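None of these values were measured; they are calculated from a predicted model. When reading the values below, keep in mind they use all heavy atoms of this one structure, side chains included, and skip hydrogens, waters and symmetry mates.
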Amino acid sequence: MDAPEAGRLQMHHAFDHGPDGGVCVVRCVGGRPRVGQFFAAKGLTGTLRLDRIEQYDVPVTSLVPPHSAKVHLSGGPLVHLRYGDVLVSVPEPGGTAALPVRVAPDWRGRLEACGLRLLGHGDAPDGFPAPLWAPYADRARPDRPSAPVRSDAELDRRWDALTRAARFASPEGEFRLVPPDPNGHEIGWVRVGDLVGTGLPSRVLAATGRAAFLAASLDGRVLGAVTDGETGKRIVVREDDRKTRRAVT
């Protein structure tokens, strides 16, 4: 009888981590990774234990390709894991395996690196706002421009507070986004689900190197943008009813 295929988890974004492990967003790219298994990766000393798998904050016991999830790992620091690294399951703690190298991201990979699951492309309703450059949103109220944000933590807090107040995401955590990619505005709006639920600006920063993106509610009623320019990082969340524009920053 053939041995089962090793479980493989592709690394996208780590957060809330320390010397003994942490939490990260991964995509299953092979096998059937299960809670309790141990994993090795290039750049790691020793192995990591898969303690918990969550999909949309619901615990599950295993994961199959091509699904993404939030996972809790223990047994060592995650600081040496980078986007594209693949964790491969091993039979026991300290085991070894043939470890693949990182892969270059495409725009879909960048979405997953941000902790976002692609749910639709090209399905925006008629009359949906054009996917303009994110800096445009900062001109929504030229008489009251948004103030620069002093830290990434403050940026996350303000984004979370403003989007929550504006009911930006659906109850299932879905919204639309122009992919944070050099060709994002050619790709256009995509519908995504947030696997994490908080701190989107810092996740975009970690995945792309810049905390800049343009997003909208599913119906286009609320537009949100983060800009990252010479004057620093700024955030705008505003309602757009096609006739009047009411800033909520």
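- Of all the heavy atoms in V90 and A40, the pair that sits closest is CG1-CB, 4.0 Å.
- Judged by distance alone, with hydrogens and angles left aside, the side-chain atoms of R164 form no donor-acceptor pair with the main-chain N or O of W159 at under 3.5 Å.
- Remark: D123 engages R176 in a salt bridge, criterion side-chain N to carboxylate O under 4.0 Å.
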### Message
Run V26 and I53 through side-chain contact (heavy atoms from CB on, under 4.5 Å) and show every step you take.
### Response
CA-CA 10 Å; V26 299; I53 305 172; over 6 Å; no
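- Under the ring pair (Phe, Tyr, Trp, His ring centres under 6.0 Å) criterion, H67 pairs with no residue at all, not counting sequence neighbours.
- Side-chain contact between L116 and V25 is absent, with no heavy-atom pair separated by less than 4.5 Å.
- In this structure, F168 and F175 have tilted ring planes: the angle between them lies in the 30° to 60° band.
- No donor-acceptor pair closer than 3.5 Å links the side chain of H121 to the backbone N or O of G188.
- Of all heavy-atom pairs spanning A211 and V226, the tightest one is O-CG1, 2.8 Å.
- Cluster annotation: L155 is connected to V222 through the hydrophobic network of ILVMFWY side chains, with a link wherever side-chain heavy atoms come within less than 4.5 Å.
- Taking R167 as the reference, nothing meets the side chain to side chain donor-acceptor pair (under 3.5 Å) condition, with sequence neighbours excluded.
- Note on L205 and V237: separate hydrophobic clusters, where clusters join Ile, Leu, Val, Met, Phe, Trp and Tyr whose side-chain heavy atoms are under 4.5 Å apart, directly or indirectly.
- Rounding to the nearest 0.5 Å gives a distance of 11.0 Å between CD of E154 and NZ of K233.
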### Task
May I have the step-by-step check of side-chain contact (heavy atoms from CB on, under 4.5 Å) for D57 and K70, ending in yes or no?
CA-CA 8 Å; D57 294 324; K70 182 167 62 175; 3.4 Å; yes
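- A donor-acceptor contact shorter than 3.5 Å links the side chain of Q55 to the backbone of S68.
- Using a 4.0 Å cut-off between charged nitrogen and carboxylate oxygen, R110 and E112 do not count as a salt-bridge pair.
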### Task
Let me see the working for D152 and S202 under side chain to side chain donor-acceptor pair (under 3.5 Å), right down to the final yes or no.
CA-CA 6 Å; D152 294 339; S202 65; over 6 Å; no
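- Proximity of L50 to V71: side-chain heavy atoms (C-beta onward) are separated by under 4.5 Å at one or more points.
- At a threshold of 4.5 Å between side-chain heavy atoms, the hydrophobic network of Ile, Leu, Val, Met, Phe, Trp and Tyr places V60 and L73 in one connected group.
- Here L177 contributes atom CG and L118 contributes atom CG; the two are 10.0 Å apart, rounded to the nearest 0.5 Å.
- By the salt bridge (charged side-chain N to carboxylate O under 4.0 Å, His left out) test, D20 pairs with no residue at all, sequence neighbours left out.
- Under the side chain to side chain donor-acceptor pair (under 3.5 Å) criterion, D51 pairs with R49, S74, sequence neighbours left out.
- Within the 4.5 Å cutoff, the side chain of L111 has heavy atoms near those of the V192 side chain.
- Looking only at side-chain heavy atoms (C-beta outward), F213 and P179 stay at 4.5 Å or farther from each other.
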Could you pull out all donor-acceptor pairs under 3.5 Å where a side-chain atom in residues 32-39 meets a protein atom, sequence neighbours excluded?
residue, atom, partner, partner atom, Å
R32, NE, S62, OG, 3.2
R32, NH2, S62, OG, 3.3
Q37, OE1, R34, N, 2.8

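- Annotation: the span from L81 atom CG to L48 atom CG amounts to 6.5 Å, rounded to 0.5 Å.
- Applying the ring-ring contact (aromatic ring centres under 6.0 Å, His included) definition to pairs two or more places apart or across chains, none involves residues 43-62.
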### Task
Walk me through it: do V149 and R158 pass the test side-chain contact (heavy atoms from CB on, under 4.5 Å)?
CA-CA 9 Å; V149 180; R158 290 184 61 185; 3.5 Å; yes
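- For R203 and D194, the salt-bridge test passes: some basic side-chain N is under 4.0 Å from an acidic carboxylate O.
- Closest approach of P65 and V29 over heavy atoms only: CG-C, 4.1 Å.
- Of all non-hydrogen atoms in V88 and A6, the two that sit nearest each other are CG1-CB, 3.9 Å.
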### Query
side-chain contact (heavy atoms from CB on, under 4.5 Å) between I187 and V178: does it pass, once the steps are laid out?
CA-CA 7 Å; I187 299 164; V178 176; over 6 Å; no
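- In terms of heavy-atom proximity, P125 sits nearest to L218 at CD-O, 4.1 Å.
- In this structure, a donor-acceptor pair under 3.5 Å is absent between the side chains of D160 and T198.
- Remark: L63 CG to R27 CZ distance equals 10.5 Å, nearest 0.5 Å.
- Atom-to-atom distance recorded for C24:SG and L87:CG is 7.0 Å, nearest 0.5 angstrom.
- The CZ atom of R191 lies 5.5 Å from the CD atom of E174; values are rounded to the nearest 0.5 Å.
- Side-chain heavy atoms closer than 4.5 Å link hydrophobic residues (I, L, V, M, F, W, Y) into clusters, and following such links, even through other members, never connects V64 to M11.
- In terms of heavy-atom proximity, L214 sits nearest to A225 at CD1-CB, 4.0 Å.
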